[in-house]
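Report on the following structure.
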Amino acid sequence: MKEKILVTGGTGYIGSHTTVELQNAGYDVVIIDNLSNSSRKVLDGIEAITGIRPEFVEGDCTDIETLRALFKAHPGIKGIINFAASKAVGESIEKPLLYYRNNLMTLINLLELMPEEGVKGIVFSSSCTVYGEPDRNPIDETAPIKPATSPYGNTKQISEEIIRDFVHSGAPVKSIILRYFNPVGAHPSAKIGELPVGVPQNLVPYLTQTAAGIRKELTVFGDDYDTPDGSCIRDYINVVDLAKAHVIAMKRMLEREDTENVEIFNLGTGRGVSVLELIESFERSTGVKVPHRIGPRREGDIEKIWAEPRHANEVLAWVARETLDDTMRSAWAWQQTLK
Ligand code: WQD
């Protein structure tokens with residue numbers, strides 16, 4: 001029998017790519033999404049890629065009754081992957097309560113319902129933002145958690161603690177916490193990808209919109225950092241590679257009896273790439289020039305961070321495989337479908 005997985009936020013960027021990989025791996029998927037930052041059309045893209053239309057519930061996970069009704073209508077859900085959350089750092093500083101309500105209530109509701117609904121495991125989307133500015137790179141999972149610099153970041157730290165406390169209380173659930181570095185790119189079919197609303201805040205969607213002529217130029221936020229070329233360094237991870245790690249994590253929780261009840265993994269490539277190197281990679285791999293200029297630093301930016309992914313490589317037998325050039329090509333192919 002196919003096992004059924006609930007994907008909250010499943011029409012979003014990472015949620016949609018993960019739904020594709022779950023379906024490709026033989027799982028049945030039920031998506032719940034309030035469509036606050038995504039579109040129902042994403043379901044068409046998922047169906048076009050996999051030949052299967054996932055079950056879809058339009059609803060808000062901050063409402064526990066909506067979730068209860070979902071479990072009643074879709075019995076037999078064995079695992080949850082929780083993507084439903086607000087994720088814009090700047091907006092979280094302006095609207096902190098929105099972030100605490102959305103991100104924390106959703107998680108608390110899901111955890112509360114898991115034992116009574118017989119759901120065994122939850123994969124939680126966390127972030128490298130919990131490390132703040134690292135003392136050294138690459139950074140592994142044992143590194144200290146630094147004070148959060150935004151309500152968004154704080155919701156990730158608090159969520160990790162909520163999960164740990166709940167599992168340690170003896171609740172019959174397991175969790176795998178995945179700390180993402182910088183997810184970029186799109187599905188190679190160009191049928192799903194990132195759909196930023198308004199002016200993109202993140203580098204790659206801003207870059208592809210600039211290459212497409214939607215934005216005049218890309219501003220590189222600072223070239224006077226203590227890095228080889230002066231621009232900030234991140235670990236850019238292909239979104240399909242990232243999605244595949246969720247399938248492995250889910251399988252591990254559902255099938256293995258001998259694992260810790262809470263496990264944490266960094267998901268990154270282990271390779272630090274500067275903003276200027278990323279622009280070069282895009283131009284080289286697509287042949288399209290990106291008008292850009294150096295601007296001032298962006299407040300709150302981390303200077304450099306990249307992952308030590310060895311724990312995930314060894315324990316999950318998962319490795320980020322896609323090259324940055326291929327990932328940039330996929331981001332560009334997706335951007336061109338949006339015209
Ligand atoms: C990447 C680099 C910018 C835009 C992300 C998520 C955040 C959180 C942490 C999610 C930086 C530079 C950007 C531009 C630029 N993660 N940049 N010009 O800051 O690493 O944050 O990870 O859980 O939600 O956003 O990602 O894409 O914003 O920036 O020069 O127009 O690109 O300074 O060095 P960041 P980003």
Side-chain angles (χ1 to χ4, degrees), residues 9 12-15 37 82-93 99 102-103 124-134 137 139 145-146 148-160 177-185 194 196-211 214-239 242 266-269 271-282 290-307 324 327-328 331:
Y13 175 43
I14 306 173
N37 194 26
N82 181 29
F83 296 108
S86 302
K87 63 165 186 181
V89 174
E91 184 187 48
S92 81
I93 295 167
Y99 275 66
N102 277 352
N103 296 6
F124 180 73
S125 304
S126 190
S127 167
C128 67
T129 185
V130 302
Y131 298 122
E133 181 81 56
N137 279 297
I139 189 156
I145 300 301
K146 298 271 182 74
T149 54
S150 71
Y152 163 75
N154 206 19
T155 66
K156 293 298 173 192
Q157 296 193 1
I158 297 170
S159 294
E160 290 196 2
I177 293 169
L178 301 176
R179 292 181 179 156
Y180 310 154
F181 282 68
N182 287 53
V184 295
E194 192 170 5
V197 176
V199 182
Q201 305 299 311
N202 295 116
L203 177 59
V204 171
Y206 203 103
L207 182 157
T208 58
Q209 288 194 6
T210 306
I214 300 167
R215 313 272 159 212
K216 197 167 125 275
E217 63 182 1
L218 170 71
T219 304
V220 176
F221 295 142
D223 70 345
D224 58 351
Y225 285 99
D226 181 19
T227 60
D229 66 23
S231 63
C232 290
I233 295 179
R234 296 287 183 276
D235 187 332
Y236 296 95
I237 163 125
N238 180 282
V239 66
L242 187 75
N266 279 346
L267 296 182
T269 66
R271 200 176 54 234
V273 172
S274 74
V275 176
L276 292 170
E277 285 172 333
L278 184 129
I279 296 171
E280 259 173 50
S281 162
F282 180 89
V290 183
H292 61 278
R293 68 174 180 93
I294 307 297
R297 292 180 173 197
R298 178 172 71 179
E299 203 188 318
D301 257 339
I302 303 273
E303 179 171 88
K304 45 181 179 277
I305 181 164
W306 65 94
L324 186 61
T327 301
M328 290 297 107

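Numbering of ligands and ligand atoms starts at 1, following listing order.
Considering only non-hydrogen protein atoms, atom 16 (N) of ligand 1 sits nearest to S127 OG, 3.4 Å. Ranking protein heavy atoms by distance to atom 27 (O) of ligand 1, first place goes to L203 N, 2.9 Å. Considering only non-hydrogen protein atoms, atom 7 (C) of ligand 1 sits nearest to V89 CG2, 3.9 Å. Looking from atom 12 (C) of ligand 1 to the surrounding protein, the closest heavy atom is V275 CG2, 3.8 Å. Annotation: atom 29 (O) of ligand 1 to nearest protein heavy atom, R298 NH2, 3.4 Å. Atom 1 (C) of ligand 1 has as its closest protein heavy atom Y236 OH, 3.5 Å. The protein non-hydrogen atom at the shortest distance from atom 11 (C) of ligand 1 is R234 NH2, 3.6 Å.
Contact detail for V239 and G185: the closest heavy-atom pair is CG1-O, 3.5 Å. What you find for I233 and P228 is that their closest heavy atoms are CD1-CD, 4.1 Å. In this structure, I93 and P151 approach most closely via the heavy-atom pair CG1-CD, 3.8 Å.
Residue C232 approaches ligand 1 through these ligand atoms, each under 4.0 Å from one of its heavy atoms: 34 (O). Of all atoms in ligand 1, listed by their number and element, those nearer than 4.0 Å to a heavy atom of K87 are 24 (O). Of all atoms in ligand 1, listed by their number and element, those nearer than 4.0 Å to a heavy atom of D301 are 3 (C), 19 (O), 33 (O). Heavy-atom contacts of T219 reach the following atoms of ligand 1: 14 (C), 15 (C), 18 (N), 30 (O), 31 (O) (cutoff under 4.0 Å). Atoms of ligand 1 found under 4.0 Å from any heavy atom of F221, numbered from 1 in the order shown, are 4 (C), 13 (C), 14 (C), 15 (C), 17 (N), 18 (N), 30 (O), 31 (O), 33 (O). Using a 4.0 Å cut-off to heavy atoms of Q201, the atoms of ligand 1 that qualify are 4 (C), 28 (O). With ligand atoms numbered from 1 in the order given, ligand 1 contributes 5 (C), 20 (O), 26 (O), 35 (P) to contacts under 4.0 Å with heavy atoms of N182. Residue V220 has at least one heavy-atom neighbour below 4.0 Å for each of these atoms of ligand 1: 30 (O).
In this model, a donor atom of one side chain and an acceptor atom of the other lie less than 3.5 Å apart for E91 and Y99. For the 3.5 Å distance criterion, the side chains of S125 and Y180 qualify, holding a donor opposite an acceptor. Residues Y131 and R179 have side chains that bring a donor and an acceptor to within less than 3.5 angstrom of each other. Counting only N and O atoms by type, the side chains of D223 and S231 include no donor and acceptor under 3.5 Å apart.
Between V184 and L278 the shortest side-chain heavy-atom distance does not fall below 4.5 Å.
Looking at ligand 1, you'll find an N or O of Y152 within less than 3.5 Å of one of its N or O atoms. When only interatomic distances are considered, the shortest N/O to N/O separation between T129 and ligand 1 does not fall below 3.5 Å. The shortest N/O to N/O separation between L218 and ligand 1 does not fall below 3.5 Å.
Note that the CZ atom of F282 and the OG1 atom of T210 stand 9.0 Å from one another [nearest 0.5 Å]. Taking OG of S281 as the reference point, atom CG of L276 lies at 12.5 Å (rounded to 0.5 Å).
Contacts between N202 and ligand 1, counted as non-hydrogen atom pairs separated by less than 4.0 Å, involve both the backbone and the side chain. Under 4.0 Å from ligand 1, not a single heavy atom of Y225 appears.
In this structure, R297 is positioned above the aromatic face of Y225, its NZ or CZ under 6.0 Å from the six-membered ring centre and within 45° of the axis.
Formation of a donor-acceptor pair under 3.5 Å by the N266 side chain with backbone atoms of I139 is found in this model.
Under a 4.0 Å N-O distance rule, the pair K304/E133 does not qualify as a salt bridge.
No heavy atom of F181 sits closer than 4.0 Å to any atom of ligand 1.
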